[in-house]
Amino acid sequence: GPSVVTVVRIDAGMNSLANGNGIIERGIDYIMAVKSNSGHTYQLLRAHLGSVTEPEYTEVEVVGGKQKERSLYRCGFPEGIGGWTHAREGWLVRSFVTDSNGVVSDVEERYFITSLKPYLNSHANVLRCVRNHWAMENTGNWVLDTLWKEDSAPWCNAALELVTLLRLIA
C-alpha cells in the first residue's frame, strides 16, 4: 500500500547516491545534509551554490539574549549531474549568532540536497526544516555523530536498517 512517509531527512553520515536511489525507488523524497566528508556531492553542491550571491530569504530570531540570523541560498541542481538524477535543488543555510554586545560568536554553513520540487517549499518552510533537522541532531543523534563518529564512517549497505536500529538501541 501507499507509504505514510513522504519525505525523509538524512544526516550527512548517510548521504550517498545509493541511499538517494533507494529512497526514490520507494516513492519517498529526501532532504540530505551534505558535509565536506560527503566527497563529490559536497563539491558539486558548493560549485552550484557558489554562483548564488544573494540569499533568497533571511530570518532573525532572538533567543537568550543572542540574535540568530539565518540566510537561505537556493539553486537548482542540474539534472543527472554526478548521477543524481532525482536531486532537484541544493540549499545553503548561513547562520550568524551575535551576542548582546554585537559580537559575532558563531558562523556556520550547512548544505543540503533535496529531491523535493522547489515550488513545494517556501523559503520559510526550508529554514524551518533545517532548524528541525538540527534540533534532532543536537539531541538523540549527538551520541551517534560525536561519540560513535557516524559522520566519518557512514553505513551504506544492505544491513543499513538493522544496523541503525541496533546502534540506536545500544
Side-chain angles (χ1 to χ4, degrees), residues 7-17 19-20 23 29-78 81-82 84 87-116 118-156 164 167-168 170:
V7 180
V8 293
R9 287 188 314 237
I10 303 207
D11 189 31
M14 303 289 288
N15 178 310
S16 74
L17 181 57
N19 284 344
I23 293 165
D29 281 305
Y30 59 79
I31 300 168
M32 291 187 184
V34 179
K35 292 183 181 175
S36 59
N37 64 351
S38 299
H40 188 61
T41 306
Y42 177 76
Q43 298 304 327
L44 288 170
L45 195 52
R46 283 197 56 169
H48 291 293
L49 282 162
S51 63
V52 181
T53 57
E54 294 295 321
E56 299 273 342
Y57 180 77
T58 298
E59 69 178 16
V60 177
E61 69 175 327
V62 178
V63 177
K66 294 183 178 182
Q67 178 177 298
K68 295 183 179 186
E69 179 180 314
R70 293 177 197 88
S71 294
L72 172 64
Y73 300 77
R74 299 172 86 163
C75 72
F77 206 77
I81 193 160
W84 290 87
R88 300 194 186 230
E89 195 171 35
W91 303 335
L92 164 59
V93 176
R94 278 197 183 114
S95 301
F96 300 89
V97 178
T98 308
D99 67 18
S100 57
N101 296 320
V103 176
V104 175
S105 60
D106 194 16
V107 178
E108 293 181 332
E109 288 190 344
R110 296 178 176 157
Y111 290 88
F112 296 85
I113 189 172
T114 183
S115 62
L116 290 169
Y119 63 83
L120 295 178
N121 293 297
S122 70
H123 302 316
N125 282 342
V126 170
L127 287 180
R128 183 178 313 115
C129 181
V130 169
R131 282 193 317 274
N132 289 341
H133 175 84
W134 288 104
M136 177 184 65
E137 278 296 303
N138 292 332
T139 54
N141 284 1
W142 179 85
V143 171
L144 296 175
D145 290 345
T146 305
L147 299 179
W148 290 31
K149 311 248 186 269
E150 179 189 67
D151 284 348
S152 61
W155 297 78
C156 303
T164 300
R167 290 172 73 204
L168 287 171

Subject >> Residue from R94, H123, E69 passing side-chain contact (heavy atoms from CB on, under 4.5 Å) with T58 >> reply: E69

Original post:
Tell me, do V8 and I23 make a side-chain contact under 4.5 Å, heavy atoms counted?
Top reply: yes

**OP:** For E109 and L92, work out which heavy atoms get closest and say how close.
**Re:** CB-CD1, 3.8 Å

Original post:
Checking S95 side chain against R70 main chain: does a donor-acceptor pair fall under 3.5 Å?
Top reply: no

Original post:
With a 4.5 Å limit on heavy-atom distance, are the side chains of I10 and I31 in contact?
Top reply: no

**OP:** Evaluate the side-chain proximity of R46 to Y111: yes if any heavy-atom separation is below 4.5 Å, no if none is.
**Re:** yes

Original post:
Does a salt bridge link R74 with E56, judged by any charged N lying under 4.0 Å from a carboxylate O?
Top reply: no

**OP:** Answer yes or no: are there more than 12 heavy-atom neighbours, outside E61 itself, under 6.0 Å from its atom CD?
**Re:** yes

Original post:
Looking at A12 and K35, what are the two nearest heavy atoms and their distance?
Top reply: CB-CG, 3.6 Å

Subject >> S16 and N19: CA distance, side-chain angles, deciding distance, side chain to side chain contact (heavy atoms under 4.5 Å, CB included) verdict >> reply: CA-CA 5 Å; S16 74; N19 284 344; 3.3 Å; yes

Original post:
Using a distance-only test with no angle check, is there a side-chain donor-acceptor pair under 3.5 angstrom linking S105 and D99?
Top reply: no

**OP:** Answer whether the closest heavy-atom distance between the side chains of Y73 and W91 falls below 4.5 Å.
**Re:** no

Original post:
Are L44 and I81 side-chain neighbours, meaning at least one heavy-atom pair lies under 4.5 Å?
Top reply: yes

Original post:
If you look at every heavy atom in N15 and A33, which pair is closest and at what distance?
Top reply: ND2-O, 3.1 Å

Original post:
Heavy atoms, side chains only, cut-off 4.5 Å: are D106 and T98 in contact?
Top reply: no

**OP:** Using a 4.5 Å cut-off on heavy atoms from C-beta on, say whether the side chain of Q67 contacts that of V60.
**Re:** yes

Subject >> Worked check of side chain to side chain contact (heavy atoms under 4.5 Å, CB included) between V97 and E108 >> reply: CA-CA 9 Å; V97 178; E108 293 181 332; over 6 Å; no

Subject >> Pairwise side-chain contact, I113 with W84, heavy-atom cut-off 4.5 Å (strictly under) >> reply: yes

